[in-house]
**Student:** 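To start, I am sharing the structure in question, which I have written as structure tokens.
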Amino acid sequence: MERSSLRQLIQEQLDPKNTGFVGVETFASLVHSHELPLDPAKLEMLVALAQSNDEGQICYQELVDLISSKRSSSFKRAIANGQRALPQDGLLDETGLGFYKRFVRYVAYEILPCEMHRRWYFYQHRACPPPVFMAVVTLTQIIVFLCYGARLNKWVLQTYHPEYMKSPLVYHPGHRARAWRFLTYMFMHVGLEQLGFNALLQLMIGVPLEMVHGVLRISFLYLAGVLAGSLTVSITDMRAPLVGGSGGVYALCSAHLANVVMNWAGMRCPYKLLRMVLALVCMSSEVGRAVWLRFSPPLPSAGPQPSFMAHLAGAIVGISMGLTILRSYEENLQDQCGWWVVLLSYATFLVFAVFWNIFAYDLLGTQIPLPP
């Protein structure tokens, strides 16, 4: 109701002749005289937008977009041109913030490389809807792990238990026809150490990314990494099963790390170099552990151990598709040429992988371990 009444006032009092332009000073006085709510940061952006016009006016539609928290490309160009008019103080100078707003500010500095973007996110952020996707995925993985741990009475190296591979969630090359397994394997884990590593990264990196970029983009990126992981294993490590959400986790992490590197000068997260090194060391150690378990299992087993190729596939998805998503904050992906190139490449890979799974195993005479 507040936005609709504000738009009605704009149309009736600021642009009665339908010229398509509104004087910024008149609009500001109207907001104050009618005590209409508008974020101070949006008024600052409005002034910057007007300064890019010689007559001190702004386009009516872009004013509506500003009120509606939408950012067209022309609006952002005008903001960039008039950015000198905005206060130079950053969000770190804001005082009197509650706990949640301080957390939102922390997320803005963790994820976004531009002060203008950080200010925009901080002022237009709403707590609803909350970042539910990463929380639900992590909680489901923990519940599934606890159920199987209690059932098998085994909390580490669960894949060595003879009953583990009988789970309908595990990806096994002998059950390729059960297509859901190419995704549901993300809920199963080798042991407590793998679950803890994945859950920690999903919450520390995935939740802030979801808060900034939204549930649709981050869930799509995560699931794209998971699906690419299982399909890559079916092509490159054809005899191996697969468990764990590492494909999705590495898609998120590699996208975020690549975004930090690409915008190194603009990132204001503390100790970013140390954190980058620690993240790379942890991720490399996890890959090394997965390689060791695949080729040098510490215990005798009935068949091959889970593959490590999902980690690498997830990283590739993150660097390509994920980086495109993260660099398009508040922009329509369908307007980005790079997005369509990445999406077409991913779709081509999916089609190739499907045909590979249908025909290649028989043509190559691959000896698949008997499914449990």
Side-chain angles (χ1 to χ4, degrees), residues 1-7 31 35-46 63-72 75-76 79 86-87 89-143 198-223 248-249 251-253 255-256 259-260 266-270 322 325-333:
M1 290 297 293
E2 293 173 349
R3 286 180 177 173
S4 61
S5 61
L6 185 55
R7 294 180 188 179
V31 170
E35 298 182 352
L36 295 172
L38 188 65
D39 289 334
K42 290 188 177 182
L43 275 177
E44 294 171 0
M45 294 177 187
L46 192 63
L63 177 57
V64 173
D65 289 343
L66 174 62
I67 297 171
S68 304
S69 296
K70 296 179 180 179
R71 300 176 68 189
S72 64
F75 172 73
K76 283 182 289 184
I79 287 293
L86 294 177
D89 297 336
L91 285 179
L92 293 177
D93 299 312
E94 294 277 355
T95 58
L97 299 177
F99 173 79
Y100 182 73
K101 291 301 288 185
R102 290 200 301 271
F103 177 67
V104 172
R105 180 175 62 182
Y106 163 80
V107 169
Y109 277 90
E110 284 289 309
I111 303 301
L112 296 171
C114 173
E115 184 66 22
M116 177 61 66
H117 288 175
R118 289 191 285 261
R119 290 167 64 88
W120 179 272
Y121 168 73
F122 179 80
Y123 287 112
Q124 66 91 34
H125 173 77
R126 298 293 181 268
C128 188
V132 295
F133 175 76
M134 294 311 310
V136 169
V137 168
T138 304
L139 181 61
T140 304
Q141 290 171 339
I142 293 174
I143 293 175
N198 287 348
L200 183 64
L201 289 181
Q202 285 173 180
L203 295 178
M204 290 184 60
I205 296 179
V207 170
L209 286 175
E210 187 177 347
M211 289 178 63
V212 173
H213 296 281
V215 62
L216 291 180
R217 293 189 179 193
I218 298 306
S219 61
F220 180 81
L221 175 60
Y222 185 88
L223 294 177
V249 171
L252 296 179
C253 292
H256 177 58
N259 191 44
V260 172
M267 300 301 294
R268 291 292 181 266
C269 46
I325 291 176
L326 299 194
R327 294 180 67 183
S328 301
Y329 171 67
E330 284 291 323
E331 297 179 19
N332 292 325
L333 289 174

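Treat the numbers as computed from the prediction; the structure is a model and nothing was measured.
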**Student:** Strictly under 6.0 Å, is that where the ring centroids of Phe220 and His213 end up?
**Tutor:** no

**Student:** If I compare all heavy atoms of Arg118 with all of Pro113, which pair ends up nearest, and what's the gap?
**Tutor:**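 Between these two residues, the closest heavy atoms are NH1-C, 3.5 Å.
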
**Student:** Relative to each other, are the rings of Phe99 and Phe103 parallel, tilted or perpendicular (30° and 60° limits)?
**Tutor:**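 Answer is parallel, since the angle falls under 30°.
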
**Student:** Hey, what do you get for NE2 (His125) to OH (Tyr100), rounding to the nearest 0.5 Å?
**Tutor:** 2.5 Å

**Student:** Just to verify, what does Leu216 make a side chain to side chain contact (heavy atoms under 4.5 Å, CB included) with, not counting sequence neighbours?
**Tutor:** none

**Student:** What are the two closest heavy atoms between Gln202 and Thr138, and how far apart are they?
**Tutor:**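 In terms of heavy atoms, the two residues are closest at NE2-OG1, 2.8 Å.
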
**Student:** I need the minimum non-hydrogen distance between Glu210 and Met134, along with the two atoms involved.
**Tutor:**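 Residues Glu210 and Met134, closest heavy atoms: OE1-N, 3.1 Å.
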
**Student:** For Leu223, give me all partners under side chain to side chain contact (heavy atoms under 4.5 Å, CB included), at least two apart in sequence or on another chain.
**Tutor:** Phe133, Met186

**Student:** Can you name the closest pair of heavy atoms from Tyr222 and Val137 and give their distance?
**Tutor:** OH-CG1, 3.8 Å

**Student:** Measuring from atom CG of Leu252 to atom CG of Asn198, what distance do you get when rounded to the nearest 0.5 angstrom?
**Tutor:**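 Between Leu252 CG and Asn198 CG, I get 10.5 Å after rounding to 0.5 Å.
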
**Student:** Out of curiosity, Arg105 CZ to Leu97 CG, how far, rounded to the nearest 0.5 Å?
**Tutor:** 5.0 Å

**Student:** Could you measure the distance from the OH atom of Tyr329 to the CD1 atom of Ile111? Nearest 0.5 Å is fine.
**Tutor:**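 Tyr329 OH to Ile111 CD1: 11.5 Å, rounded to 0.5 Å.
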
**Student:** Do you know which two heavy atoms are closest between Leu221 and Ile325, and how far apart they sit?
**Tutor:** CB-CD1, 4.3 Å

**Student:** Quick check: closest heavy atoms across Glu110 and Met267, and the distance to 0.1 Å?
**Tutor:** O-CE, 3.3 Å

**Student:** Within the structure provided, determine whether Pro208 and His256 are in side-chain contact (heavy-atom separation under 4.5 Å).
**Tutor:** no

